[in-house]
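Before any comments, here is the structure.
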Amino acid sequence: MAVLLSGGAGYIGSHIAAELIEHGYDVVIADDFSNSSPDVIAAIEHISGRPVPCYAIDVKDNLALDKLFSEQHIDSVIHCAGFKAVGESVRLPLKYYRNNIDSAITILEAMQKHGCKRFVFSSSATVYGSENPVPYTESMPAGSCSNPYGRTKYFIEEMLKDAANADNTMSVVLLRYFNPIGAHESALIGERPNGIPNNLMPYITQTAAGIRETLNIFGNDYPTIDGTGVRDYIHVVDLAKGHVAALGYASRHTGTAIFNLGTGKGTSVLELVRAFERATGMAIPYKVTGRRPGDLAAYWADTSKAEAELNWHAEKTIEDMCRDSWRFQKALHG
Ligand code: UDP
């Protein structure tokens, strides 16, 4: 039996693929390469030392997905495929609703048809919205997201809960990611942003590499340790290991379970910049600009539920994350 990994050529999906294979799972990747490259599949194969079946399909394509389920013995799905640019989702909300929601429905229908009962979903801490106190716990109300991207995550969570309610043999695990950074220790896979990065770490690594002149720090007047925004950065390899734990959980339980995947520690923008400089010896020129609309001052995860029920916790440090992000950046551009 195999795990279907949608979006397996993406930043997070590729690390999940490597980790699953290392833990003895058979993996089938489905990716349309709309925001990734087939090279990544070769890199995963290199890391794992074996071929990885890959379908270059859009998971909204129900015929292609049906063919995949007919050809492969899929007993679980990890669904990572989706559009993820927050700003673009504000400009083009229908593009996000059509793609992200339709993908999830199409996969669920194929699973139903082929008797596949385990679904692990790549959700996001953004579903906690702006109303909850930190640290976020899984029992807090969700849904007050500030953009269409976040709402697609929330709507899919709700849809999955309904699907699990309607079929008591189904197991759904919703994984709410905090801020994944870092890269595989091989430096063969990592984050490859398209154009100007939106997220902090790829902007830092590109600044260190001289591709960007100066890092813009979006506000230093937040009520935080040094005025800059605070997030819970987690090494992408730790995050990927959380999916291995979630698959194990899904094989032992039915119904819906929600887990935060974070470290439980907040780090400010300036602290991350300093940690990067320490870990790599590279200087990051920066200037403080205005706040970015929609940003929250500070949030991080309460990770006690994942620790207790998944028997998982993040192990890598901020320095590990900085070093590995930089190693991948150097490997990309020499
Ligand atoms: N940030 C920044 N400059 C950038 C990108 C991000 O100062 O070029 C800040 C942002 O305001 C936030 C933190 O870095 O406080 C993390 O932002 P990111 O976009 O990486 O993640 P998210 O907003 O999803 O938490």
Side-chain angles (χ1 to χ4, degrees), residues 10-12 82-90 96 100 122-130 132 134-136 142 144-154 175-183 190-236 239 260-277 284-301 318 321-322 324-326 328-329:
Y11 170 44
I12 293 169
F83 294 153
K84 61 174 186 180
V86 172
E88 186 188 45
S89 82
V90 175
Y96 276 67
N100 292 5
S122 196
S123 190
S124 166
T126 192
V127 302
Y128 288 112
S130 55
N132 288 306
V134 291
Y136 293 157
S144 61
C145 319
S146 63
N147 58 72
Y149 157 75
R151 270 187 287 279
T152 67
K153 292 292 182 192
Y154 175 67
L175 298 178
R176 293 180 175 161
Y177 303 167
F178 281 70
N179 287 58
I181 59 173
E191 187 166 14
R192 301 186 192 194
N194 227 336
I196 301 173
N198 293 309
N199 296 113
L200 180 59
M201 182 52 94
Y203 209 103
I204 290 177
T205 57
Q206 289 196 4
T207 305
I211 300 167
R212 313 275 156 215
E213 213 168 287
T214 315
L215 168 71
N216 297 307
I217 294 185
F218 299 145
N220 65 352
D221 56 353
Y222 286 108
T224 61
I225 180 171
D226 53 25
T228 65
V230 167
R231 296 290 182 271
D232 184 341
Y233 297 96
I234 174 170
H235 197 294
V236 66
L239 187 88
N260 288 337
L261 294 185
T263 64
K265 288 190 232 28
T267 302
S268 76
V269 176
L270 271 175
E271 286 174 328
L272 189 66
V273 169
R274 300 290 179 231
F276 185 90
E277 292 181 329
I284 303 298
Y286 66 81
K287 62 175 187 289
V288 177
T289 62
R291 292 182 177 190
R292 184 170 64 177
D295 269 354
L296 300 182
Y299 61 86
W300 59 92
I318 283 283
M321 303 178 209
C322 292
D324 292 344
S325 292
W326 178 232
F328 180 69
Q329 176 68 50

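Just so it is clear, the structure is predicted and the values come from calculations on it, not from any experiment. Numbers here simply count residues along the sequence, with the first being 1. Order of listing sets the numbers, starting from 1, for every ligand and every atom in it.
Of the possible polar contacts, none joining the R291 side chain to the A297 backbone as a donor-acceptor pair under 3.5 Å is found. In this structure, the side chain of N260 does not engage the main chain of F178 through any donor-acceptor pair within 3.5 Å. Not one N or O on the side chain of Y299 forms a donor-acceptor pair closer than 3.5 Å with the backbone of G129. Listed for the K265 side chain is no donor-acceptor partner under 3.5 Å among the backbone atoms of Y233. Listed for the D232 side chain is a donor-acceptor partner under 3.5 Å among the backbone atoms of G264. Formation of a donor-acceptor pair under 3.5 Å by the Q329 side chain with backbone atoms of P202 is not found in this model.
Nearest heavy atoms, E191 versus Y11: N-CD1, 3.2 Å.
The shortest contact between atom 3 (N) of ligand 1 and any protein heavy atom is with N216 O, 2.7 Å. In terms of protein heavy-atom proximity, atom 19 (O) of ligand 1 is closest to R292 NH2, 2.8 Å. Among all protein heavy atoms, the one lying closest to atom 9 (C) of ligand 1 is V269 CG2, 3.7 Å. Nearest protein neighbour of atom 18 (P) of ligand 1, counting heavy atoms only, is N199 ND2, 3.5 Å. Atom 12 (C) of ligand 1 has as its closest protein heavy atom R231 NH2, 3.8 Å. Given atom 24 (O) of ligand 1, the protein heavy atom at minimum distance is N179 ND2, 4.1 Å. Among protein heavy atoms, the minimum distance from atom 15 (O) of ligand 1 is reached at G229 CA, 3.6 Å.
Y128 carries R176 over the face of its six-membered ring, with the cationic atom under 6.0 Å from the centre and within 45° of the normal.
Heavy atoms of Y233 come nearer than 4.0 angstrom to ligand 1 in at least one pair.
With atom 5 (C) of ligand 1 as the reference point, the heavy atom nearest to it among F218, Y299, Y222 is part of F218.
At least one N/O-N/O distance between D295 and ligand 1 falls below 3.5 Å. Geometrically, ligand 1 and L200 share a nitrogen or oxygen pair separated by less than 3.5 Å.
Rounding to the nearest 0.5 Å places CG of L239 at 5.0 Å from CG of L261.
With a 4.0 Å heavy-atom cut-off, ligand 1 is reached by the backbone of N198 but not by any atom from C-beta on.
Interface of I217 with ligand 1, defined as ligand atoms under 4.0 Å from a residue heavy atom, comprises 7 (O).
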